[in-house]
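For reference, the structure discussed in these notes is given below.
Everything numeric here is computed off the predicted structure, so don't read it as measured data.
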Amino acid sequence: MSTTTIARRELGRFLAISGQRFRSGKSPAEMFSPAVDTMWHQLLATPEYAAFSTEHAGAVLGHREMNGSGPIAWVAAYEEAYGPLPEIWFTGADGILNEAALARYEETGRVVAEWDCGPTTGDGDDAAPGNR
């Protein structure tokens, strides 16, 4: 499976988890993977994004800046639905795997990372799908 195909699959899973978090009143999911975020930005610029997001999240989710660092809150929900996070979550936009981060995850089952964006529900000024 190509990296692009994997990134697209993982974006769909991220949007699904994000939609579940919003429906249950939880905070937005943190987008910590540069590789998956690159796919998100590519899809945001297309007419197909609305259908893709709705298929996975049940709604069109927006994209916004959201800086932070710490434990990634949605990993357990992901693992329950899909199993362990694949390597793409620990891969940079340049395609280089962060082997140390992957090893920490595999050893501890936790992800502690930095992020600079996340989803929105689409009901605010910063939530337009094309807003980056």
Inset, instruction - List the steps, then state whether salt bridge (charged side-chain N to carboxylate O under 4.0 Å, His left out) holds for Glu48 with Arg8. - result: CA-CA 13 Å; Glu48 80 174 286; Arg8 185 180 174 98; 2.7 Å; yes
Legend entry - Hphob cluster co-occupancy, Ile96 + Val111, side-chain heavy atoms under 4.5 angstrom: no
Legend entry - Reported CZ-to-OG distance for the pair Phe90 and Ser33, which is rounded to 0.5 angstrom: 8.5 Å
Legend entry - Full working for side chain to side chain contact (heavy atoms under 4.5 Å, CB included) between Leu61 and Phe22: CA-CA 10 Å; Leu61 297 184; Phe22 283 131; 4.0 Å; yes
Legend entry - Whether Trp74 side chain and Glu30 backbone form a donor-acceptor pair below 3.5 Å: yes
Legend entry - Spacing of OG belonging to Ser18 relative to NE2 belonging to His56, to within rounding of 0.5 Å: 12.0 Å
Inset, instruction - Verify side chain to side chain contact (heavy atoms under 4.5 Å, CB included) between Met1 and Arg9, making sure each step is shown before the conclusion. - result: CA-CA 11 Å; Met1 194 177 304; Arg9 179 195 69 201; 3.8 Å; yes
Legend entry - Pro28 versus Met66, closest heavy-atom pair with distance: CB-SD, 3.8 Å
Legend entry - Atom pair CG/CD of Leu15 and Gln20 - distance to nearest 0.5 Å: 11.0 Å
Inset, instruction - Report the C-alpha distance between Trp89 and Tyr105 in whole Å, list the side-chain angles of each, state the deciding distance to 0.1 Å, and finish with yes or no for ring pair (Phe, Tyr, Trp, His ring centres under 6.0 Å). - result: CA-CA 11 Å; Trp89 284 102; Tyr105 166 65; over 10 Å; no
Inset, instruction - Considering non-hydrogen atoms only, spot the tightest contact between Ala93 and Pro34 and give its length. - result: N-CB, 3.4 Å
Legend entry - Side-chain donor or acceptor of Ser53 paired with backbone N/O of Tyr49 under 3.5 Å: no
Legend entry - Transitive ILVMFWY side-chain link Leu97 to Met39, under 4.5 Å: yes
Inset, instruction - Could I get the full list of salt bridge (Lys or Arg N to Asp or Glu O under 4.0 Å) partners for Glu80, not counting sequence neighbours? - result: none
Legend entry - Which atom of Cys117 lies closest to which atom of Trp40, heavy atoms considered: SG-CZ3, 4.4 Å
Inset, instruction - For residues Leu11 and Leu43, report the shortest heavy-atom separation together with the two atoms involved. - result: CD2-CD1, 3.7 Å
Legend entry - Thr91 (side chain) donor-acceptor with Glu87 (main chain) under 3.5 angstrom: yes
Legend entry - Thr3 (side chain) donor-acceptor with Gly95 (main chain) under 3.5 angstrom: no
Inset, instruction - Flag the pair Phe52 / Thr46 as yes when at least one side-chain heavy-atom distance between them is below 4.5 Å, and no otherwise. - result: no
Inset, instruction - Could you pull out all residues at least two apart from Arg21 that satisfy salt bridge (Lys or Arg N to Asp or Glu O under 4.0 Å)? - result: none
Inset, instruction - For residues Pro119 and Arg64, report the shortest heavy-atom separation together with the two atoms involved. - result: O-NE, 4.3 Å
Inset, instruction - Treating Ile, Leu, Val, Met, Phe, Trp and Tyr as nodes and any side-chain heavy-atom pair under 4.5 angstrom as an edge, say whether Tyr82 and Phe14 lie in one connected cluster. - result: yes
Inset, instruction - List the atom of Val75, the atom of Gly109, and the distance in Å for their closest heavy-atom pair. - result: CG1-O, 4.2 Å
Legend entry - Atom pair NE2 (His63) and CG (Asp37), whose distance is rounded to the nearest 0.5 Å: 4.5 Å
Legend entry - More than 12 heavy atoms from other groups under 6.0 Å of CZ on Arg110: no
Legend entry - Heavy-atom check, side chain of Val36 versus side chain of Ile88, under 4.5 Å: yes
Inset, instruction - Kindly write out the residues that satisfy salt bridge (Lys or Arg N to Asp or Glu O under 4.0 Å) with Arg13, not counting sequence neighbours, or none if the list is empty. - result: Glu10
